[in-house]
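Because the structure is predicted, anything quoted here is derived from the model rather than measured. Chain identifiers are assigned alphabetically (A, B, ...) following the order of the sequence lines, protein sequences preceding nucleic acid strands; residue numbering begins at 1 within each chain.
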2 protein chains.
Amino acid sequence: MVRVTITQVAVHAGVSVASASRALNGQIASAKTIAKVQQAAEELGYVADATAQSLKLGRTNQLAYAVADIGNPVYVEMMTAIERVVSASGYRLVLSSTGTSSSSVDVVRDLGRGYVDGMILSPLRVTDELLAALAKTPTPVVVLGRLPDSAKLDTVRADSITAMRLLVDHLVEEGRGDVVFVNGPSDTTPGALRRDGFAAAVAAHPAISARSVGADDFTIAAGYAAALQVLQERPRPDAIVAANDLIGIGSIQAATDLGLTVPGDIAITGVDNTELAGVIRPGLTSVDLGAEERGRVAAQLLLARIVEPNRPAHTVTVAPSLVVRGSSLARSQDPAASPPSHRTEAIDFNDERAAR
Amino acid sequence: MVRVTITQVAVHAGVSVASASRALNGQIASAKTIAKVQQAAEELGYVADATAQSLKLGRTNQLAYAVADIGNPVYVEMMTAIERVVSASGYRLVLSSTGTSSSSVDVVRDLGRGYVDGMILSPLRVTDELLAALAKTPTPVVVLGRLPDSAKLDTVRADSITAMRLLVDHLVEEGRGDVVFVNGPSDTTPGALRRDGFAAAVAAHPAISARSVGADDFTIAAGYAAALQVLQERPRPDAIVAANDLIGIGSIQAATDLGLTVPGDIAITGVDNTELAGVIRPGLTSVDLGAEERGRVAAQLLLARIVEPNRPAHTVTVAPSLVVRGSSLARSQDPAASPPSHRTEAIDFNDERAAR
DNA sequence: TCGAGTGTTGTAAACGTTTACAGTGAATGC
DNA sequence: GCATTCACTGTAAACGTTTACAACACTCGA
């Protein structure tokens, strides 16, 4: 089956290509012409070539989502939300992995080739080079993450400060007073932000004692190793705030292997509220950074900018919400009392204080 | 910043557009011309327009991955593998969700618009309409899943028969004799295949007793509900084979809530070997259907077909592998003896018997 | 000195659309 | 009956590339 062009449709219908195009696109044309052309298109199985249309119309109906590590559940959640918005608006979504071959900078430079009408970028780290490339690109870009204010770009960010404060406040309310933050690598953007957020949160509670340690990675194994060490120090802390759910799960396993009960001997919390947090026993209390909402908002910002290229840059901060499960309840409570988690409606403290 | 075309580069360099194009694409040209053109391109910040090139060259350098429910971990794993292969070959990957707006059939029809050079399709269910659309489309398609032999298409499939036999054989070896298969909806393709696989597997063991029940969905909650019922029947079975990991996890939770020990009172296995299987306690024995490999192979088949459109259709069946964790060990063994799973090198029975 | 050969360049067509513009015929107003 | 409008249609240009083909200049051998 070879390509059938609008020219063939036109001759088959006995009209000019212009009339054929108009008839097919609902432009002005006589009823008779429309009928003839539509029948001819039908008979020949005509479908308009997307590339030719793109060239002529100056838009591709494609948007890109560029992220370092697709496969990371948080990014997948964002992607799913983005895909929903994007496809509902008639755009296709192309995936640009910045991890494999090309860096964020290359990806942004490549935007100049015009293969998409816009991009949502979730950069690993923000370099001057990247900022320069972003400033120069003619294609709209929405950035997921933190950017210097000088960059006049649409941005969607999580609120790590509030997120960590939700966790620390919760632990204090549950009677904990000696908290250790188990971070991932702090030279990454999330690592740095969560560490700072934790520091700010504990500063608001002068009565408690707190410190930070670093795991080698944002993984279960690294969290296990770090927690194993933390839990063997004396005096033993009564709470671990893990920088993400994987580290939190590793910490729970370390505690269990040491014969400690969670939350009896030690309270443990995570960040990201992944599916894992609900599956493990006890359920892992976790703060949800709103990945789904961030993805959705980013997509909406991008669509809005495409419609109106010169609107002022928006920065949206998505409010985190605390999801309390068994791993952080007060010692006094009976952990066995917590019902099976798949039926549990986890308590959700949606925080209204977060910046809008 | 507006678009700079090759024409502008040409005048700036004082040559014709043809020479400019040749100089930039490494075609035949004098050293002097190449230098002039490259400098002009540099100065003007020229980048070739992808759409115009696509139109002229008749290829888009894009491949599509169409799947019902992106967000499902199994599909994400495939997607990651596909992305790796595809981007290494210089293609972009576009994501076509068949769930949201359009059906598989629409997606395949849309291929005629030529916005990609090929597609990897993972259809929800295979209808005659879909087969007809596939037969008609001019664009190469590789199908992930089962297809009638009459469809002369490249196909990559999992081996459910062998997968279920690995599980049943394993349970029998571990001394189980009364096995219940907790399926998801059996009107789905995986549901039907796994049910048939289970039936075939138990047929090879006349000594054991076996039956099937259906959960409402492939979810933890549905698995919990179904298992709760199964486990309260008398005589109680000594093993549950769940149709996927989520149902398996729900089953473990149901057993725990009923005061049963796993694997002491009941052995439980899953399918897919998701991350969850390693996180839950006890670890869930699961058979890995090779999602990563299926994705990779599908991408390779697609690339090969693009290079050689008339090669005969290939069907590749990927061998499953059994990953044994604590949930299915023999009663005699001490479940507490199983080491913390993140350190566990799970035993992996890669099955050589599976078709290649 | 001329012809053939070689290496480079320019002209123009082509990819498949959309659309500005001019042109056609019929209907209408005077 | 003629001019004006109107609704529609066709011609051709344009989007930004690549490339077939012809043209050119130059070298070399006879």
Classify the side-chain pair Thr33(A)/Ser30(A) by whether it contains a donor and acceptor separated by less than 3.5 Å.
yes
Taking the side chain of Ala29(A) as its heavy atoms from C-beta onward, which of dG10(D), dT9(D), dA12(C) lies nearest to it?
dT9(D)
How close or far is atom P of dC8(D) from atom NZ of Lys36(A), stated in whole angstroms?
13 Å
Ser21(B) near the nucleic acid: base, sugar-phosphate alone, or nothing, with a heavy-atom cut-off under 4.0 Å?
base
Can you see if the side chain of Tyr115(B) gets near the phosphate of dG16(C) - specifically, an N or O under 4.0 Å from OP1 or OP2?
no
Quick one: label Thr5(B) by what it contacts on the DNA or RNA (base, sugar-phosphate, nothing), any heavy atom closer than 4.0 Å.
sugar-phosphate
Strictly below 4.0 Å, N to O, side chains only: are Arg92(B) and Glu83(B) in salt-bridge contact?
no
Regarding Arg59(A) and Gln53(A), is there a side-chain donor-to-acceptor distance under 3.5 Å anywhere?
no
In whole angstrom, give the distance that lies between atom CG of Asn61(A) and atom C1' of dT17(C).
14 Å
Could you tell me how far apart Leu24(B) (CG) and dT19(D) (P) are, to the nearest whole angstrom?
13 Å
Is it the case that Glu43(B) and Gln39(B) place a side-chain donor and acceptor less than 3.5 Å from each other?
yes
Begin from the C-alpha positions of Tyr115(A) and Asn61(B) and carry the test side-chain contact (heavy atoms from CB on, under 4.5 Å) through to its verdict.
CA-CA 10 Å; Tyr115(A) 65 97; Asn61(B) 289 320; over 6 Å; no
Return the nearest nucleotide to the side chain of Ala18(B); candidates are dT17(D), dT17(C), dT19(D).
dT19(D)
dT18(D) phosphate, OP1 or OP2, under 4.0 Å from Gln53(B) side-chain N/O:
yes
Just the rounded figure in Å: distance from C1' of dA13(C) to CG of Leu55(B).
13 Å
Does Gln27(A) put a side-chain nitrogen or oxygen below 4.0 Å from OP1 or OP2 of dT19(C)?
yes
Taking 4.0 Å as the cut-off, does a side-chain nitrogen or oxygen of Ser54(A) come that near to OP1 or OP2 on dC15(D)?
no
Nucleotide dT19(D), atom C1' - distance to CD1 of Ile6(B) in whole Å:
12 Å
Between dT18(C), dG16(D), dT8(C), spot the one nearest the side chain of Ile28(B), thanks.
dT8(C)
Result for 5'-nearest mapping on DNA chain C, choosing between Ser19(B) and Lys56(B), is Ser19(B)
Decide, yes or no, whether a salt bridge links Arg113(B) with Asp49(A) under the criterion of side-chain N to carboxylate O below 4.0 Å.
no
Return the 5'-most residue of the pair Thr7(A), Gly14(B) with respect to DNA chain C, ranking by each residue's nearest nucleotide.
Gly14(B)
Distance check: side-chain N/O of Ser16(A) vs OP1/OP2 of dT11(D), anything under 4.0 Å?
no
Short side-chain N/O contact from Arg3(B) to OP1 or OP2 of dT17(D), under 4.0 Å:
yes
What is the separation between atom NZ on Lys32(B) and atom C1' on dG7(C), rounded to the nearest whole Å?
13 Å
Test for a donor-acceptor pair under 3.5 Å between the base of dG10(C) and the side chain of Arg22(B), counting only N and O atoms.
yes
Atom-pair distance (CZ on Arg113(A); P on dC15(D)), nearest Å:
19 Å
Indicate, with a heavy-atom threshold strictly under 4.0 Å, whether Val9(B) touches base, sugar-phosphate, or nothing.
nothing
Would you mind reading off the distance between Leu57(B) atom CG and dT19(D) atom C1', rounded to a whole angstrom?
10 Å
